[in-house]
Amino acid sequence: MAERLDGHTILIGLMAYPIRHSMSPTMHNNAFAKLGLNYAYLAFDVTNKELPGAIDAIRTLGMRGSNISMPNKQKVIPLLDKLDPAAEMVGAVNTIVNDTGVLTGYTTDGTGFMQSLDDENLDIRGKKMTLAGAGGAGTAIAIQAALDGVKEISIFNLKDAHWEQAKKNVATINAQTKCKATLHSLDEQDKYRSEIADSAIYCDATSVGMKPLQDQSLITDPSFFRQDMIVFDTVYAPRETKLMQVAKKAGVKHVFNGLGMMLEQGAQAFKLWTGEDMPVDYIHELLFSDASK
Ligand code: NAD
């Protein structure tokens, strides 16, 4: 690291709170080193209160950009100069690029999700998806899948604080893409079963399956799934969620956790900042070779 950093090193940030646990600095700094790129990626504790000053610092210090995470993904929007169309539709930003003082906001969670399926040679374009969740991850996945040509998305959510966002996602998709989106309550169990039975992919983008809900799954009955479908859980800790165990019990061939999506959202941001492809296989091996983590 010390050999790499000099007076020309370009800084990229990660602005969120809490954020010190993030794997992103390790991921990006190892990728810069592998490719011999003179960049450094640092995490900064930034709450909503510090956000305007932190965004100004990107311009003042000539940083190349930053990742943005909670609680700043929505609050950052008025502080930027431009928004990528997908970020505008999602209503959230996780990546900022600074082009000589002009800050553009992007969202790479959705493109990361789609790319992680492409990496497995699985194509859901022209097909139907059933998606649980309409928080940050669920919104980004639904919008990007619709933009990329998924034919139909059946969204399920609790009637909780995210229900309004779910309604907004369906309205945005139906108004601005060729995809047909519908919304259902997770209480409608018969509908939940029949929509999944009719889908090429079931994706869980809820917090169920990760701490403190790591012992739970929205689906416990393996007969919800077909062997030839894709079951995708956005959770990556634990590596094998309860949902994934149920899908495997059903004999589902393509069962994924959120690791591929996490790596690919980082890779998409890396490309936006550097113009280079992140060495994804190398980073995967470096960070996640212990599959039991
Ligand atoms: P969020 O708080 O914005 O949204 C949470 C979602 O979960 C909402 O739709 C909410 O209604 C639903 N939910 C919460 N508790 C529930 C319950 N008991 N039963 C049913 N639904 C419930 O969170 P987020 O940022 O969208 O994260 C959601 C999941 O996506 C998390 O598991 C997170 O780890 C994962 N995620 C993965 C990646 C990745 O790169 N793999 C990126 C972002 C988020």
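Because only heavy atoms are used, hydrogens play no part in the values below, and waters and symmetry mates are left out as well, while side chains stay in. As the structure lists them, so they are numbered: ligands from 1, and atoms in each ligand from 1.
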[atom1]/[X] to [atom2]/[Y] distance, rounded to the nearest 0.5 angstrom?
{"X": "N38", "Y": "T9", "atom1": "CG", "atom2": "OG1", "answer": "3.5 Å"}
{"X": "T234", "Y": "F256", "atom1": "OG1", "atom2": "CZ", "answer": "14.0 Å"}
{"X": "N72", "Y": "I55", "atom1": "CG", "atom2": "CD1", "answer": "7.5 Å"}
{"X": "M261", "Y": "Y236", "atom1": "CE", "atom2": "OH", "answer": "9.5 Å"}

Applying a heavy-atom cut-off of 4.0 Å, say which part of [X] lies close to ligand 1: side chain, backbone, both or neither.
{"X": "T206", "answer": "both"}
{"X": "H162", "answer": "side chain"}
{"X": "L259", "answer": "neither"}
{"X": "T139", "answer": "neither"}

Can we say [X] and [Y] salt-bridge, meaning some charged N sits less than 4.0 Å from an Asp/Glu carboxylate O?
{"X": "R125", "Y": "D118", "answer": "yes"}
{"X": "D228", "Y": "K253", "answer": "no"}
{"X": "D190", "Y": "R193", "answer": "no"}
{"X": "R64", "Y": "D99", "answer": "yes"}
{"X": "K73", "Y": "D109", "answer": "yes"}

What residue and atom, counting heavy atoms only, is the protein's closest point to [atom], and at what distance?
{"atom": "atom 42 (C) of ligand 1", "answer": "M261 CE, 3.9 Å"}
{"atom": "atom 33 (C) of ligand 1", "answer": "M210 SD, 3.7 Å"}
{"atom": "atom 16 (C) of ligand 1", "answer": "V208 CG2, 3.8 Å"}
{"atom": "atom 37 (C) of ligand 1", "answer": "T234 O, 3.2 Å"}
{"atom": "atom 41 (N) of ligand 1", "answer": "G258 O, 2.9 Å"}
{"atom": "atom 27 (O) of ligand 1", "answer": "A137 CB, 4.2 Å"}
{"atom": "atom 28 (C) of ligand 1", "answer": "A205 O, 3.4 Å"}
{"atom": "atom 4 (O) of ligand 1", "answer": "G135 CA, 3.3 Å"}

If you measure every N/O of [X] against every N/O of ligand 1, is any gap under 3.5 Å?
{"X": "M262", "value": "yes"}
{"X": "N157", "value": "yes"}
{"X": "D160", "value": "yes"}
{"X": "L186", "value": "no"}

Practice problem: Can you label the angle between the Y41 ring and the H28 ring as parallel, tilted or perpendicular, going by 30° and 60°? | Solution: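 Because their plane-to-plane angle is under 30°, the rings of Y41 and H28 count as parallel.
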
Exercise. Please work out whether the ring planes of F32 and F270 are parallel, tilted or perpendicular, with thresholds of 30° and 60°.
Key: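 Parallel.
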
Self-check item: Atom indices of ligand 1, in the order listed, that fall short of 4.0 Å to a heavy atom of G133
Solution: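 Here the atoms of ligand 1 in question are 9 (O).
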
Quiz item: Looking at V235, which atoms of ligand 1 are within less than 4.0 Å of one of its heavy atoms?
Solution: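 Every atom of ligand 1 under 4.0 Å from some heavy atom of V235: 32 (O).
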
Quiz item: Any heavy atom of A134 sitting closer than 4.0 Å to ligand 1?
Solution: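 Yes, A134 has a heavy atom closer than 4.0 Å to ligand 1.
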
Exercise. State, without any angle test, whether E195 and S154 hold a side-chain donor-acceptor pair at a distance under 3.5 Å.
Key: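 Per modelled atom types, E195 and S154 side chains form a pair under 3.5 Å.
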
